[in-house]
2 protein chains.
Amino acid sequence: MTIRLLLADDQALVRGALAALLALEPDLEVVAEVGRADEVVDAARAASVDVCLLDIEMPGDAAVPDGIAAAAALRAHVPGVRSLVVTTFGRPGYLRRALEAGASGFVVKDTPASELADAVRRVHAGFRVVDPLLAGESLAGGSNPLTDREVEVLRVALDGVPVARIAERVHLSPGTVRNYLSSAIGKTGTATRVEAARVARDRGWI
Amino acid sequence: MTIRLLLADDQALVRGALAALLALEPDLEVVAEVGRADEVVDAARAASVDVCLLDIEMPGDAAVPDGIAAAAALRAHVPGVRSLVVTTFGRPGYLRRALEAGASGFVVKDTPASELADAVRRVHAGFRVVDPLLAGESLAGGSNPLTDREVEVLRVALDGVPVARIAERVHLSPGTVRNYLSSAIGKTGTATRVEAARVARDRGWI
DNA sequence: GGTGGTCGATGACAGATGTCACGCCCACCC
DNA sequence: GGGTGGGCGTGACATCTGTCATCGACCACC
């Protein structure tokens with residue numbers, strides 16, 4: 001019996017290339033491909049998929065905006081499927097959030113191509129597959145010290161927009177936004193809101 | 001006679017997957033793979049390569065920091081080889097810079113996998129292959145209005161560091177840095193230095 | 001009822017930032 | 001020599017930002 005796979009990645013070329021790579025394995029079969037996070041659940045159900053390979057950075061809708069949310073949605077709605085997150089960025093917080101969302105595996109796109117099929121097989125067999133290097137960093141990184149509001153404000157601050165525009169977008173007064181930013185700057189040990197936002201992003205806090 | 005290919009991409013998984021995809025074509029053969037921009041020229045020479053597939057975002061050294069520089073280095077040192085840039089980001093400025101660097105083709109990773117092999121063949125045959133959507137944007141985008149100093153300062157400003165630290169890194173006085181930033185803010189039609197840096201990056205100006 | 005806690009807002013302050021006009025130096029050119 | 005212009009710096013100014021103390025509103029809890 002072959003393992004039935006779904007590929008979710010917004011870059012068609014990468015998706016197709018991964019399909020070609022996995023097609024080399026006789027016990028694996030790619031039965032569905034999607035390019036958006038919000039299409040994962042339907043496709044997984046329709047094709048009776050065993051394992052989903054999920055990129056994190058993918059377009060989606062408000063309910064399922066990215067690959068991590070797709071893993072959570074799969075666990076909730078199609079519990080038989082296992083998720084293997086395959087991502088460009090080995091940010092510690094991504095790993096933590098992916099595991100919290102119910103993903104069974106987490107590999108970065110730096111890993112050798114030869115290891116992917118094995119990761120799929122182990123995930124399908126019920127094991128947990130995690131990049132060992134990243135697992136260490138993730139534990140060392142600690143958990144997210146930011147409050148919900150700080151996260152919300154930092155997300156907007158990422159692009160470097162002025163405080164006034166951040167305030168508009170999150171429906172808070174400019175003064176309050178500055179308070180949250182100041183707090184986040186303190187927690188990240190940085191000097192400006194943009195630095196704080198970047199550090200928070202790299203640690204997977206936002 | 002098969003077309004001999006070199007794959008340059010820092011993500012091993014993507015590299016391997018592309019190799020599997022292209023191996024499906026009987027007239028194509030992947031004869032070399034590298035993960036750094038500064039290894040492209042040597043590898044291309046050693047394996048007598050016909051066409052190089054180059055990612056842009058790749059680590060490298062000071063002389064060849066990315067895939068675009070690798071295309072330029074190939075033209076200079078191994079003139080027989082043609083370059084096909086394969087990149088995640090369809091930024092208009094990337095296209096312009098890639099063509100200036102002597103690349104024969106430019107495709108984004110959104111394109112269907114089925115078209116890649118054809119793009120390789122056309123590049124090998126001496127044609128120029130350019131994403132048509134992007135070609136339009138690139139012409140509309142116009143050329144780079146920034147001075148060298150403005151570019152240098154904006155590159156550092158991308159991370160949101162304070163002006164004082166930008167001044168240290170580029171060996172200018174803080175006041176001068178602010179002048180360049182102010183000028184760049186005006187040219188980009190933005191409000192802060194970080195916004196200016198992001199706009200400039202997205203247009204391929206820095 | 002009181003009590004404590006959180007959330008959002010405000011005000012005040014120092015320092016950073018963006019803008020602008022101007023000055024200096026040096027290369028270049030007539 | 002006398003411009004002329006670009007690159008870099010300075011000073012001054014208004015505004016924005018980051019920090020901190022404080023306040024009112026609201027809610028949970030005893």
Side-chain angles (χ1 to χ4, degrees), chain A residues 62 93 97 100 141-206, chain B residues 62 93 97 100 141-206:
Chain A
R97 282 167 50 202
E100 282 168 10
S143 62
N144 190 343
L146 302 175
T147 68
D148 290 351
R149 281 305 200 185
E150 285 161 6
V151 168
E152 192 177 358
V153 165
L154 280 184
R155 281 211 186 108
V156 184
L158 260 181
D159 329 325
V161 302
V163 170
R165 224 172 317 153
I166 301 178
E168 283 174 28
R169 284 211 223 158
V170 298
H171 305 293
L172 287 173
S173 94
T176 305
V177 168
R178 283 195 283 153
N179 287 338
Y180 287 131
L181 287 173
S182 179
S183 164
I185 288 171
K187 287 177 181 175
T188 52
T190 49
T192 71
R193 62 189 183 285
V194 179
E195 282 187 310
R198 295 176 69 87
V199 167
R201 189 198 53 187
D202 290 349
R203 296 193 186 151
W205 290 350
I206 63 177
Chain B
R97 282 167 49 203
E100 283 168 10
S143 62
N144 190 341
L146 301 175
T147 68
D148 291 351
R149 282 304 199 186
E150 285 161 6
V151 168
E152 192 178 357
V153 166
L154 281 183
R155 281 212 185 106
V156 185
L158 260 181
D159 333 320
V161 302
V163 171
R165 225 172 317 152
I166 301 178
E168 282 175 27
R169 286 212 221 156
V170 298
H171 306 293
L172 287 173
S173 96
T176 304
V177 168
R178 284 194 285 151
N179 287 338
Y180 287 133
L181 287 173
S182 179
S183 163
I185 287 171
K187 288 177 181 175
T188 52
T190 50
T192 70
R193 61 189 183 287
V194 179
E195 282 188 309
R198 295 177 68 89
V199 167
R201 189 197 54 186
D202 290 348
R203 296 192 186 154
W205 290 351
I206 63 177

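The chains referred to below are lettered A, B, ... by the order of the sequence lines, with proteins before strands, and numbering in each begins at 1.
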(message) Determine whether A/Arg155 and A/Val151 satisfy the following criterion, side chain to side chain contact (heavy atoms under 4.5 Å, CB included), listing intermediate values before the conclusion.
(response) CA-CA 6 Å; A/Arg155 281 211 186 108; A/Val151 168; 3.7 Å; yes
Are any protein N/O atoms closer than 3.5 Å to N/O atoms in nucleotides 23-27 of chain D? If there are, list each pair with its distance.
none

(request) Identify the 5'-most and 3'-most nucleotides of DNA chain C with at least one atom closer than 4.0 Å to a non-hydrogen atom of chain A. (result) C/dC7 to C/dT10
(request) Kindly compute the distance separating CH2 (A/Trp205) from OG1 (A/Thr188), expressed to the nearest 0.5 Å. (result) 7.0 Å
(request) Look up atom CZ in B/Arg193 and atom OG1 in A/Thr192, then write down how far apart they are to the nearest 0.5 Å. (result) 6.5 Å
(message) Would you compute the distance between atom CZ of A/Arg149 and atom CG of A/Leu172 and round it to the nearest 0.5 angstrom?
(response) 4.5 Å
(message) Within the 4.5 Å heavy-atom criterion, are B/Asn144 and B/Arg97 side-chain neighbours or not?
(response) no
(request) Could you tell me which non-hydrogen atom of A/Val163 sits nearest to which non-hydrogen atom of A/Pro174, and how far apart they are? (result) CG1-O, 3.8 Å
(message) Quick check on contacts: within residues 177-198 of chain A, what sits under 4.0 Å from DNA chain C by heavy-atom distance?
(response) A/Asn179, A/Tyr180
(request) For DNA chain C, find the residues of residues 145-164 of chain B with a heavy-atom distance under 4.0 Å and give them by number; none if there aren't any. (result) B/Pro162, B/Val163
(message) Below the 4.0 Å mark, does D/dC8 have OP1 or OP2 next to a side-chain nitrogen or oxygen of B/Thr176?
(response) no
(request) Name all residues meeting the side chain to side chain donor-acceptor pair (under 3.5 Å) criterion together with A/Arg198; count only those two or more places apart in sequence or in a different chain, and write none if there are none. (result) none
(request) Any pair with a residue in residues 160-170 of chain A that passes side chain to side chain donor-acceptor pair (under 3.5 Å), sequence neighbours left out, goes on the list, sorted by first then second residue, please. (result) A/Arg165-B/Glu195
(request) Working to the nearest 0.5 Å, report the span between CG of B/Leu146 and OH of B/Tyr180. (result) 12.5 Å
(message) Can you confirm whether A/Ser182 sits close enough to A/Arg178 that some side-chain heavy atom of one is under 4.5 Å from a side-chain heavy atom of the other?
(response) no
(request) Could you walk me through whether B/Leu181 and B/Ile166 pass the side chain to side chain contact (heavy atoms under 4.5 Å, CB included) test, one step at a time? (result) CA-CA 10 Å; B/Leu181 287 173; B/Ile166 301 178; 4.3 Å; yes
(message) Quick check: do A/Ile206 and A/Leu158 have side-chain heavy atoms less than 4.5 Å from each other?
(response) yes
